[in-house]
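Atoms within each ligand, like the ligands themselves, are counted from 1 in listed order. Throughout, residue positions are numbered sequentially from 1 according to the sequence presented.
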Amino acid sequence: MCGIIAYIGKQKAVPILLEGLRQLEYRGYDSAGISVIQKEKIITLKAVGKVVELQNKIGERDFSGKIGIAHTRWATHGKPSDKNSHPHGDCEGNIFLVHNGIIENYQELKNILIKKKHKFLSETDSEVLAHLIEDFNKTLNFKKSVLEALKLVRGTYGLAIINKNEPDKIIIARNGSPLILGIGKDEFIVASDASAVVRHTDKVIYLGDNELAEITADDFEISNIKNKIISKKISKLNWTVEESKKGGFSHFMLKEIFQQPEVIGNGLRGRVERFLLEESVPMLGGLRMVEKRLRKIKKIVIVACGTSYYSGLVGEYMLEEYAGIPTEVEYASEFRYRKPILDSSTAVVAISQSGETADTLAAIREAKNKGALTLGIVNVVGSTIARETDAGTHTLSGPEIGVASTKAFTTQLVVLALWTLMLGRQRSMSNVMSKRIAQELKKIPKLIEGILKKSKEIQKIAKKYSSAKDFLYLGRKYNFPIALEGALKIKEISYVHAEGYATGEMKHGPIALIDENFPSIFICPKDSVYEKNISGMQEIKARGGKIIAIATVGDKEIARIADDVIYIPKTLEMLTPFVSVIPLQLFAYYFGVAKGYDVDKPRNLAKSVTVE
Ligand code: G6P
């Protein structure tokens with residue numbers, strides 16, 4: 001949500017900032033802006049729309065400035081417009097800043113500043129910060145002014161600020177919104193996301209909450225909000241530049257769909273093998289230090305948002321059926337405002353690709369306060385949720401750039417399946433059973449490869465239904481969450497109305513919608529609820545509804561009922577979501593592309609939602 005990049009060093013800042021903005025664009029893309037310090041002046045340029053619009057505005061102009069800040073926006077306060085775009089400035093044009101997050105008490109602060117004759121140009125909450133710093137800067141130096149301003153602020157921020165009065169530095173600060181300080185050779189690159197840093201350096205410092213850094217061209221100093229200097233560990237980024245490119249695919253989303261065999265393989269390698277041995281209870285590395293507590297866990301609560309929430313729902317079926325632990329899945333945004341009943345025998349599990357989703361982070365903090373064990377299933381190493389949970393397992397899917405999540409989802413399922421094996425073995429699961437599941441899990445990458453080979457066939461079906469304005473996605477048991485995820489995918493990137501439902505619930509309402517123009521997609525593998533799904537299908541057919549079925553290879557019966565069938569390979573019932581979700585990802589992708597949409601950057605969305 002909003003991308004921030006800042007540069008200070010020996011090179012010209014503008015090309016580096018623009019390149020960084022392109023990398024960060026998936027975080028928000030309704031407007032972009034840049035400020036650069038040049039010959040004791042600050043030059044600011046902004047443009048509504050994607051980063052390319054800003055680039056066009058800059059055109060051939062050659063900026064020599066070596067210090068600058070830039071931002072790509074996902075609007076929260078005020079519509080996308082030049083005046084609402086960042087960087088925001090003070091009254092005199094001395095101080096400019098880019099901000100990610102929300103200043104909750106901005107109106108209150110704005111009223112005070114207006115009384116002090118400050119002139120505001122935008123409707124944003126962020127602009128208040130520039131004026132607040134300006135106010136303190138009348139008597140205090142730059143750093144102290146920022147510190148004093150932040151003391152008055154309620155809300156979240158990732159900030160990068162420049163000041164004409166102290167033109168040799170950038171100040172950055174964080175509370176609740178991620179900021180990474182990249183340490184290059186004779187230069188520093190600050191970004192809200194590793195993808196914009198990785199092409200310059202792999203040495204980074206993750207700024208913590210209530211921390212601030214003062215950065216000059218050859219040094220930096222980190223302090224806390226009380227102005228106490230602190231020393232921080234330098235970490236190594238585990239992403240490569242190659243991973244942040246499309247690699248010959250027309251979209252990141254398609255690349256990421258096709259990467260699934262590889263990244264699922266990465267998530268399994270070195271982990272799944274231990275469940276094939278005769279060991280007593282194999283432990284996953286990241287959970288070893290909480291092994292004893294895990295044995296005593298009586299309840300699991302999974303908290304997550306969006307696609308990660310749906311992987312949690314699959315996890316609920318797995319954990320209850322095979323590990324025998326009562327499991328609940330909660331929208332993180334709801335969990336934080338309820339009065340959840342938790343104690344030390346509850347494990348609260350945050351599932352998050354980015355590890356920065358504000359609601360999921362808040363839920364984990366709440367759980368920690370209540371004494372629960374907190375665990376993370378997170379992709380981004382070094383992210384806030386990864387750092388703040390007691391223990392966890394990384395999903396190892398590599399950077400996911402497409403806003404609609406695909407490979408992050410299936411790698412979350414990998415971890416949930418492995419946790420099921422481990423927690424199951426701690427309890428009553430037999431060694432024979434864990435071996436059987438582990439063996440089948442190992443086959444998943446190959447099975448997905450087989451489905452991906454049929455992408456052209458899925459593309460044809462997507463084209464055939466391209467005039468549909470609604471879809472009903474239906475599934476039962478393990479594939480009920482897949483119905484929800486399939487519907488979410490098509491909503492996100494094709495802007496058509498779609499609903500995911502449990503097949504059994506369809507007759508209690510949604511069937512009223514069905515006619516020949518409202519197709520249903522049934523996820524109907526040969527599993528323990530196959531017959532029930534077939535009955536549902538007959539009910540839809542009897543009402544003239546068109547049916548696309550996702551069915552197990554060799555199922556001829558289904559071809560007689562459904563209008564179109566996409567076959568998936570056979571696997572254990574618990575593992576069918578791995579294979580059933582792939583055709584739905586491809587269907588949504590081709591559907592969106594056929595409509596001419598930018599599927600990597602769907603309207604109104606952002607990859608990482610760091611505001612409430
Ligand atoms: C946003 C993204 C979704 C994602 C959700 C949760 O809405 O567009 O793709 O599933 O956030 O994100 P997380 O990073 O916590 O998995």
- Task: Identify the protein heavy atom lying closest to atom 8 (O) of ligand 1, giving its residue, its atom name and the separation to 0.1 Å.
- Result: A606 O, 3.1 Å
- Query: Can we say E388 and R365 salt-bridge, meaning some charged N sits less than 4.0 Å from an Asp/Glu carboxylate O?
  - Reply: yes
- Closest non-hydrogen protein atom to atom 12 (O) of ligand 1, residue and atom name please, with distance? T357 OG1, 3.4 Å
- Query: Among protein heavy atoms, which lies nearest atom 11 (O) of ligand 1, and at what distance?
  - Reply: K607 O, 3.9 Å
- Check the pair F258, Y589 against ring-ring contact (aromatic ring centres under 6.0 Å, His included), reporting the backbone distance first and the verdict last. CA-CA 12 Å; F258 273 79; Y589 171 78; 8.9 Å; no
- Note on the structure: Taking only non-hydrogen atoms of S405 and a 4.0 Å limit, the atoms of ligand 1 in range are 9 (O)
- Residues K232 and E211 bridged, charged N to O under 4.0 Å: yes
- For S352, counting its heavy atoms only, list the atoms of ligand 1 lying under 4.0 Å from any of them. 13 (P), 14 (O), 15 (O), 16 (O)
- Message: Are any of the N/O atoms on Q412, whether in the backbone or the side chain, positioned under 3.5 angstrom from an N/O atom of ligand 1?
- Response: no
- Message: Over 60° means perpendicular and under 30° means parallel, so tell me whether Y309 and Y331 are parallel, tilted or perpendicular.
- Response: parallel
- atom 9 (O) of ligand 1: nearest protein contact (heavy atom, Å): V403 O, 3.2 Å
- Query: Is L605 near ligand 1, meaning one of its heavy atoms is under 4.0 Å from it?
  - Reply: no
- List the closest protein heavy-atom neighbour of atom 5 (C) of ligand 1: residue, atom name, distance to the nearest 0.1 Å. C305 O, 4.0 Å
- Query: Would K50 and D600 pass as an ion pair if we require N to O under 4.0 Å?
  - Reply: no
- Query: Which protein heavy atom lies closest to atom 4 (C) of ligand 1, and at what distance to 0.1 Å?
  - Reply: T307 N, 4.2 Å
- N100 and S192: CA distance, side-chain angles, deciding distance, side chain to side chain donor-acceptor pair (under 3.5 Å) verdict: CA-CA 8 Å; N100 182 10; S192 47; 5.0 Å; no
- Does any N or O in the side chain of H99 come within less than 3.5 Å of the main-chain N or O of I4, such that one atom is a donor and the other an acceptor? no
- Item | Protein contact of atom 7 (O) of ligand 1 - nearest heavy atom, named by residue and atom, plus distance | V609 CG2, 3.9 Å
- Where L254 and S250 come nearest, the two heavy atoms and their spacing: CD2-OG, 4.1 Å
- Message: Contact between R174 and D209 at the side-chain level, heavy atoms closer than 4.5 Å - yes or no?
- Response: yes
- S308 neighbourhood, listing ligand 1 atoms whose heavy-atom distance to it stays under 4.0 Å: 10 (O), 13 (P), 16 (O)
- Message: Side chain or backbone, does Q353 bring an N or O within less than 3.5 Å of an N or O on ligand 1?
- Response: yes
